[in-house]
Enquirer: 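Have a look at this one.
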Amino acid sequence: MMKHYFKQAIQLLRENKLLSVISILGTALAICMIMVIVILYIVNTAGFKPEVNRGRSYYFNSVMSEGKEDGRRISYGNIGLPFIHECCYPLKSAELVTAVIRDDWSKQSAASMDGRNSYNSRIIETDPAFWKFFDFDFIGGAPFTQANFESGIREAVLSESVARVLFGSEQAVGKDIKLDFTVFRVCGVVKDISRFAKKAYADIWIPYTATPAYNTSWNEGIGGLFNCYVMLKEGCSRNDLKRDVDERVRLYNSKLSDCRAKIFDQPNSQVEEWMFDSNSGLEMTVAKVYLRYAIILFVLLLVPALNLSGITLSRMRKRIAELGVRRAFGATKGNIIGQVLMENLVLTLIGGLLGFCLSFVAMWLLRDWLLVTSLGEAGLSMNMLNGYVFLAALFFCLVMNLMSAGIPAWRVSRVDITKSING
């Protein structure tokens with residue numbers, strides 16, 4: 001039966017070429033627009049190297065200092081290392097905790113020792129846990145060790161692009177570079193990563209103990225230069241993490257004399273980081289943002305589905321006698337509806353496949369708008385896209401098919417058998 005429906009659908013494609021082209025293109029454009037949104041959502045929230053643990057990752061980006069007595073706001077910004085040592089590193093519900101100093105808006109000059117080659121680099125200052133938190137591919141060498149980190153030894157991990165510019169190849173381990181005239185020894189080289197991996201992205205990574213600024217803090221250690229990333233322990237929930245950190249902040253505040261720290265609803269999940277970074281605003285909840293995207297997707301499906309529904313109904317009216325004969329020989333209304341849906345599904349899947357391919361073309365053509373992050377333009381690669389992209393494309397094809405062919409199929413199935421045969 002399915003094979004018969006498929007052959008019937010192919011025959012309809014040949015008989016009604018203009019309507020078929022319109023149906024396929026209408027479906028393709030709708031799926032294209034939807035898949036652009038889905039792809040952007042997935043590359044910003046789903047795990048891919050090196051940010052393979054996004055589903056368990058939570059982030060502390062800022063802290064507010066206020067007066068203990070009057071509640072007056074004193075400062076709001078990055079986190080101090082004393083606060084991280086007391087409230088983040090010891091978290092029982094965390095499998096890993098890493099602290100980083102990063103500046104997304106400025107770069108530092110990295111140069112070869114002879115000064116002939118240089119590279120304006122984004123630099124992350126971090127700790128050894130960073131290399132367990134993120135899954136980098138090392139081309140050579142290894143990350144700095146805990147012992148070297150604690151000793152403040154000046155070591156650096158380079159991206160392959162930086163290594164090629166400074167040394168002509170990725171073979172840079174053991175060589176020296178200058179970061180703003182301070183000498184660092186290269187201990188490792190990693191493959192370049194996408195700017196969509198914003199938490200891990202940099203050109204050079206160094207231990208924060210190798211620079212004197214890491215001890216800078218204010219307001220009794222609350223404020224400072226750091227962000228903090230936490231990987232949730234298996235078996236623990238976000239609520240467990242929130243209770244854990246709230247208790248540690250309470251204990252930390254009890255030891256302070258004039259200030260107290262407030263972290264509000266932090267830590268943020270990966271989804272929240274992307275949504276709020278996309279100017280949704282902290283006043284927006286995740287549920288509201290999801291609702292907004294759901295409405296957009298519904299409209300993108302509804303408008304073309306209504307147009308395609310009229311085309312499908314027009315096509316079915318030409319076959320009303322044929323369907324009447326099927327009813328006369330015992331076909332049920334369910335059989336008729338199933339036939340119309342299955343025949344239309346072939347058109348929808350062809351249009352969906354075309355739309356899926358067009359979505360990547362659209363992403364490339366609009367890359368200056370869609371693929372720009374706070375770190376600059378980011379490219380797409382297939383390892384960033386998982387099975388959810390293809391499942392989403394199939395799902396929206398099925399929804400489009402149901403919306404565009406469901407009503408025509410229902411109306412055709414209700415036509416009286418005698419009227420159907422008489423046309």
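None of the values given here were measured: they were computed from a predicted structure.
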Enquirer: Between Ser112 and Asp114, do the side chains contain a donor N or O and an acceptor N or O under 3.5 Å apart?
Expert: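 Yes.
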Enquirer: Would you check if the distance from the ring center of Phe144 to the ring center of Trp205 is below 6.0 Å?
Expert: no
Enquirer: Please report the interatomic distance CD1(Ile34) to CD1(Ile39), rounded to the nearest 0.5 Å.
Expert: 12.0 Å
Enquirer: Does Phe181 have more than 12 heavy atoms from other residues, nucleotides or ligands lying within 6.0 Å of its CZ?
Expert: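 At most 12 heavy atoms, drawn from other residues, nucleotides or ligands, come within 6.0 Å of this atom.
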Enquirer: Would Lys242 and Glu247 count as a side chain to side chain contact (heavy atoms under 4.5 Å, CB included) here? Give the steps.
Expert: CA-CA 9 Å; Lys242 181 61 177 169; Glu247 177 60 19; over 6 Å; no
Enquirer: May I have the step-by-step check of salt bridge (Lys or Arg N to Asp or Glu O under 4.0 Å) for Glu273 and Lys199, ending in yes or no?
Expert: CA-CA 10 Å; Glu273 287 285 296; Lys199 297 301 179 182; 2.5 Å; yes
Enquirer: Is a side-chain donor-acceptor pair under 3.5 Å present for Asn215 with Tyr208?
Expert: no
Enquirer: Take atom NZ of Lys233 as the centre, draw a 6.0 Å sphere, and report whether it contains more than 12 heavy atoms from other residues, nucleotides or ligands.
Expert: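 Check passes, neighbour count above 12.
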Enquirer: May I ask you to check whether Thr98 and Asp127 show a side-chain donor-acceptor distance below 3.5 Å?
Expert: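 The criterion, which ignores hydrogens and geometry beyond distance, is satisfied for Asp127 and Thr98.
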Enquirer: Side-chain contact, heavy-atom cut-off 4.5 Å: Asp180 with Ser109?
Expert: yes
Enquirer: Under a 4.0 Å N-O cut-off, is there an ion pair linking Arg185 with Asp176?
Expert: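 Salt bridge between Arg185 and Asp176, a charged N being under 4.0 Å from a carboxylate O: yes.
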Enquirer: Is it true that Thr211 and Glu125 share a donor-acceptor pair across their side chains at a distance under 3.5 Å?
Expert: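 A donor-acceptor contact under 3.5 Å links the two side chains.
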Enquirer: Have Ser151 and Asn148 got a donor and an acceptor in their side chains that come within less than 3.5 Å?
Expert: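 Checked: Ser151/Asn148 side chains show no N/O donor-acceptor pair below 3.5 Å.
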Enquirer: Measuring centre to centre across the rings, with the benzene-like ring taken for any Trp, is Tyr229 within less than 6.0 Å of Tyr58?
Expert: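 Not close enough - the centres of the two rings lie 6.0 Å or further apart.
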Enquirer: Using a 4.5 Å cut-off on heavy atoms from C-beta on, say whether the side chain of Ile204 contacts that of Phe184.
Expert: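 The answer is no, as the side chains (C-beta and beyond) never meet within the 4.5 Å cut-off.
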Enquirer: Show every salt bridge (charged side-chain N to carboxylate O under 4.0 Å, His left out) that has at least one partner inside residues 19-35, sequence neighbours left out.
Expert: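 Sorted result for residues 19-35: empty, none.
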Enquirer: Do the side chain of Gln270 and the main chain of Arg54 share a donor and acceptor less than 3.5 angstrom apart?
Expert: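 Answer holds: no.
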Enquirer: Is there side-chain contact between Leu96 and Val230, with at least one heavy-atom pair below 4.5 Å?
Expert: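 Counting from C-beta outward, Leu96 and Val230 never come under 4.5 Å.
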Enquirer: Mark yes or no for whether Thr126, through its side chain, and Ala99, through its backbone, hold a donor-acceptor pair below 3.5 Å.
Expert: yes
Enquirer: Do the side chains of Glu95 and Arg56 get close enough for a salt bridge, i.e. N-O under 4.0 angstrom?
Expert: yes
Enquirer: Taking NZ in Lys191 as the centre, count heavy atoms belonging to other residues, nucleotides or ligands within less than 6.0 Å. Is the count above 12?
Expert: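 Not more than 12 within 6.0 Å, no.
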Enquirer: Taking Asp244 first and then Lys92, would you say they form a salt bridge - that is, a charged N and a carboxylate O separated by under 4.0 Å?
Expert: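 Salt bridge absent between Asp244 and Lys92.
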Enquirer: Can I get a per-line list of side-chain donor-acceptor pairs under 3.5 Å for residues 166-175, giving both atom names and the distance, sequence neighbours left out?
Expert:
unit_1: Ser169; atom_1: OG; unit_2: Gln171; atom_2: N; d: 3.2
unit_1: Glu170; atom_1: OE2; unit_2: Arg164; atom_2: NH1; d: 2.7
unit_1: Lys175; atom_1: NZ; unit_2: Gln171; atom_2: O; d: 3.1

Enquirer: Out of Ile74, Val249, Ile263, Val63, which one pairs with Ile222 under the side-chain contact (heavy atoms from CB on, under 4.5 Å) rule?
Expert: Val63
Enquirer: So, are Arg260 and Glu66 salt-bridged, with charged N and O less than 4.0 Å apart?
Expert: yes
Enquirer: Would you say the side-chain atoms of Tyr59 and Glu272 include a donor-acceptor pair closer than 3.5 Å?
Expert: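 Result is no, nothing qualifies.
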